[in-house]
There are 2 protein chains.
Amino acid sequence: MKQISYENFFANFSNKTRLGILTALMDGPLSVSEIVDKVGGEQSNVSHHLESLRKCSILNVKKEGKKRIYSLNKKTVYPMLELVEKHVGGCGGSCEECGLCSPVGERK
Amino acid sequence: MKQISYENFFANFSNKTRLGILTALMDGPLSVSEIVDKVGGEQSNVSHHLESLRKCSILNVKKEGKKRIYSLNKKTVYPMLELVEKHVGGCGGSCEECGLCSPVGERK
DNA sequence: TTCTCATATGAAATTTGTTTCATATAAACA
DNA sequence: TGTTTATATGAAACAAATTTCATATGAGAA
């Protein structure tokens with residue numbers, strides 16, 4: 001029954017693989033193997049990340065036969081990302097320092 | 001001229017010391033030494049974190065004699081933290097898994 | 001049942017981030 | 001100028017997070 005902190009919550013958005021998972025799920029719910037296909041990398045690694053995201057209720061899961069279907073908590077995720085876009089807007093979308101000036105997938 | 005990513009942006013909220021700095025600045029702008037007094041730890045460490053926060057425009061700086069006065073980008077920081085509070089609200093404020101159920105300072 | 005497929009889990013290996021330490025810079029002042 | 005104060009910076013030491021690897025679990029099909 002470990003309490004998760006703010007740090008923990010935000011950490012779920014501060015990693016390329018996890019943002020990839022979130023992006024993948026924007027088109028709708030997916031099973032683990034479908035997510036792996038989309039984001040690439042090891043199944044076990046994706047699984048670890050899914051666990052972390054789920055623990056913070058950033059993702060939801062349901063069982064379906066032997067599959068687990070993950071879906072976005074849109075109510076939290078979308079406003080979160082929009083806030084960042086808005087923040088970037090504040091520097092005219094061409095800030096050299098902040099630099100959040102292109103869609104999620106195009107960044108490294 | 002390095003472009004900072006979403007990961008980078010969120011990483012600034014996913015660290016205890018940096019959240020401490022943000023909390024300290026909620027009462028108004030402070031100089032580096034005042035921040036150090038409030039959050040504790042090495043001056044150079046605080047300085048590194050300030051640099052990181054500033055690069056993402058989460059903080060602003062202005063010179064004042066030999067001091068540097070840092071201030072919150074409230075427009076971004078407050079909605080960000082409120083969003084998390086709201087997210088927690090979704091589990092009634094007593095979720096065992098998500099656990100973001102008490103003020104910033106009281107968590108570990 | 002046994003086999004296969006889908007996913008999870010734990011621990012070791014690796015990578016990345018944080019902290020500390022020593023020192024640099026820059027402003028004010030004697 | 002030389003000294004003190006405030007802050008920044010780079011690199012090494014240290015800590016934490018991520019990835020991989022090997023294997024476990026669990027559901028459905030043969």
Side-chain angles (χ1 to χ4, degrees), chain A residues 2-25 29-56 58-71 97 107-108, chain B residues 1-25 29-71 97 107-108:
Chain A
K2 187 192 166 201
Q3 295 284 95
I4 294 175
S5 56
Y6 270 68
E7 297 92 281
N8 235 294
F9 179 82
F10 284 114
N12 276 298
F13 291 91
S14 68
N15 169 283
K16 203 178 168 180
T17 306
R18 285 197 287 258
L19 282 173
I21 291 171
L22 297 184
T23 303
L25 289 170
L30 294 172
S31 69
V32 175
S33 46
E34 288 170 326
I35 294 169
V36 171
D37 288 347
K38 281 210 176 190
V39 310
E42 290 271 324
Q43 176 270 316
S44 67
N45 189 29
V46 170
S47 199
H48 283 302
H49 285 302
L50 288 171
E51 157 87 352
S52 174
L53 289 160
R54 191 195 53 71
K55 272 192 177 167
C56 269
I58 293 164
L59 298 183
N60 302 117
V61 219
K62 62 175 178 185
K63 287 191 179 184
E64 210 168 82
K66 52 186 168 184
K67 298 194 173 178
R68 309 255 170 126
I69 309 298
Y70 284 83
S71 58
E97 297 237 300
R107 297 194 206 86
K108 59 167 185 179
Chain B
M1 188 166 65
K2 187 192 166 201
Q3 293 285 96
I4 294 174
S5 56
Y6 270 67
E7 297 92 282
N8 235 294
F9 179 81
F10 284 114
N12 277 297
F13 292 90
S14 67
N15 170 283
K16 204 178 169 181
T17 306
R18 285 195 286 258
L19 282 173
I21 290 172
L22 297 183
T23 303
L25 289 170
L30 294 172
S31 69
V32 175
S33 46
E34 288 170 327
I35 295 170
V36 171
D37 287 346
K38 280 210 177 192
V39 310
E42 289 271 324
Q43 176 269 317
S44 67
N45 189 29
V46 170
S47 199
H48 283 302
H49 285 302
L50 289 171
E51 156 86 353
S52 174
L53 289 160
R54 192 194 52 73
K55 272 192 177 168
C56 269
S57 301
I58 293 165
L59 298 184
N60 302 115
V61 219
K62 62 174 178 186
K63 287 191 178 183
E64 209 168 84
K66 52 185 168 183
K67 298 194 174 182
R68 309 256 170 125
I69 309 298
Y70 284 84
S71 58
E97 296 236 302
R107 299 195 204 85
K108 56 166 186 182

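Residue numbers begin at 1 in each chain, while the letters A, B, ... track the order of the sequences.
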Whole Å only: how far is the [atom1] atom of [X] from the [atom2] atom of [N]?
X     : N      : atom1 : atom2 : value
A/L19 : D/dT18 : CG    : C1'   : 14 Å
A/L53 : D/dA17 : CG    : P     : 15 Å
B/E7  : D/dA17 : CD    : C1'   : 14 Å
A/F10 : D/dA17 : CZ    : C1'   : 18 Å
A/N8  : D/dT18 : CG    : C1'   : 14 Å
A/I69 : C/dT7  : CD1   : C1'   : 11 Å
A/E51 : D/dT18 : CD    : P     : 13 Å
A/D37 : C/dA6  : CG    : P     : 10 Å

Q: Evaluate the side-chain contact (heavy atoms from CB on, under 4.5 Å) criterion for residues A/L53 and A/L22: first the C-alpha distance (whole Å), next the side-chain angles of each, then the deciding distance (0.1 Å), finally the verdict.
A: CA-CA 9 Å; A/L53 289 160; A/L22 297 184; 4.2 Å; yes
Reading nucleotides 14-27 of chain C from 5' to 3' and marking B where a protein heavy atom lies under 4.0 Å of the base, S where only the sugar-phosphate is that close, and - otherwise, the string is ----SBBBB----B
So, the side chain of B/S47 versus the backbone of B/S44: is there a donor-acceptor pair under 3.5 Å, distance only?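 No, because the side chain of B/S47 does not come within donor-acceptor range (under 3.5 Å) of the backbone of B/S44.
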Point to revise | Side-chain donor or acceptor of B/R54 paired with backbone N/O of B/Y70 under 3.5 Å | key: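 A pair under 3.5 Å: no.
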Looking across every strand, which nucleic acid part, if any, lies under 4.0 Å from B/S33 by heavy atom: base, sugar-phosphate, or nothing?
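The answer is sugar-phosphate, as B/S33 gets under 4.0 Å only of primed atoms, P, OP1 or OP2.
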Should A/Y70 be listed as having a side-chain N or O under 4.0 Å from OP1 or OP2 of C/dA8?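 Yes.
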Is it true that B/E34 and B/K38 have a side-chain N and a carboxylate O under 4.0 angstrom from each other?
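A salt bridge is absent here (no side-chain N lies under 4.0 Å from a carboxylate O).
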B/T23 OG1 to A/Y6 OH distance, which is reported to the nearest 0.5 Å: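 The distance works out to 9.0 Å.
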Check: Relative to each other, are the rings of B/F13 and A/F10 parallel, tilted or perpendicular (30° and 60° limits)?
Finding: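 Because their plane-to-plane angle lies in the 30° to 60° range, the rings of B/F13 and A/F10 count as tilted.
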